[in-house]
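All heavy atoms count here, side chains included; hydrogens, waters and symmetry mates do not. Keep in mind that this is a model prediction, so the values were computed, not measured. The first residue of the sequence shown is numbered 1, and numbering continues consecutively from there.
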Amino acid sequence: SGKINIFVYKFKLPCSYQFYNNMLNDYILQKKFDNNIDEYKMIELYSDNFRLNYLSYKKVLIVSPRDLAYVKYSTNSGN
């Protein structure tokens with residue numbers, strides 16, 4: 001059986017929301033930042049701020065490879 005985790009984060013950005021969101025949605029850039037990522041892609045786009053992603057990590061030392069699908073929803077609170 002699978003396990004479902006829900007994480008909610010709220011924080012202030014040192015840049016514009018649009019810049020931040022574009023950076024997070026650049027899967028090639030994310031792979032350059034993290035060498036442990038094996039595959040990272042969007043499975044389905046529901047809207048500009050709501051998407052289903054697939055992420056798999058390579059084996060690192062004694063940790064087995066991992067993969068997951070997750071829903072990414074982001075919003076700009078304007079604060």
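Counted by atom type alone, Asp67 and Tyr54 present one or more donor-acceptor pairs between their side chains at under 3.5 Å. If you check the side chains of Asn22 and Gln18, you find a donor sitting under 3.5 Å from an acceptor. A side-chain N or O of Asn21 and one of Lys72 form a donor-acceptor pair less than 3.5 Å apart. A side-chain donor-acceptor contact under 3.5 Å links Asn53 and Tyr27. Side chain to side chain, Ser74 and Tyr17 meet the donor-acceptor criterion of an N or O pair below 3.5 Å.
In the hydrophobic clustering of this structure, Tyr20 does not group with Leu45; members are Ile, Leu, Val, Met, Phe, Trp, Tyr whose side-chain heavy atoms approach within less than 4.5 Å, directly or through other members. No continuous path of hydrophobic side-chain contacts links Tyr40 to Phe33 [ILVMFWY only; heavy atoms under 4.5 Å]. Connection of Leu24 to Phe7 is established within a shared hydrophobic cluster, with ILVMFWY side chains joined at heavy-atom distances below 4.5 Å, either directly or through further cluster members. In terms of hydrophobic clustering, with Ile, Leu, Val, Met, Phe, Trp and Tyr side chains grouped at heavy-atom distances under 4.5 Å, Met42 and Tyr70 are assigned to a common cluster.
Annotation: the span from Arg66 atom CZ to Lys59 atom NZ amounts to 11.0 Å, rounded to 0.5 Å. If you take CZ on Arg51 and NZ on Lys41, they are separated by 14.5 Å, rounding to the nearest 0.5 Å. To the nearest 0.5 Å, the span separating CD1 on Ile28 from CD1 on Ile37 amounts to 12.0 Å. Here OH of Tyr57 is found 12.0 Å from CG of Asn35. Values are rounded to the nearest 0.5 Å. Once rounded to the nearest 0.5 Å, the distance linking OH of Tyr73 with CG of Leu52 reads 16.0 Å. From Leu55, atom CG reaches atom CD of Gln30 across 9.5 Å, with rounding to the nearest 0.5 Å.
Nearest approach of Ser47 to Asn49, heavy atoms of both residues: OG-OD1, 2.9 Å. In plain terms, the two heavy atoms of Asp34 and Asn36 that are nearest each other are OD1-N, 2.9 Å.
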**Asked** So Glu44 and Val71, side chain to side chain contact (heavy atoms under 4.5 Å, CB included) or not? Walk me through it.
**Response** CA-CA 10 Å; Glu44 188 160 347; Val71 173; over 6 Å; no
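Counting only heavy atoms from C-beta outward, the side chains of Pro65 and Lys58 never approach each other to under 4.5 Å.
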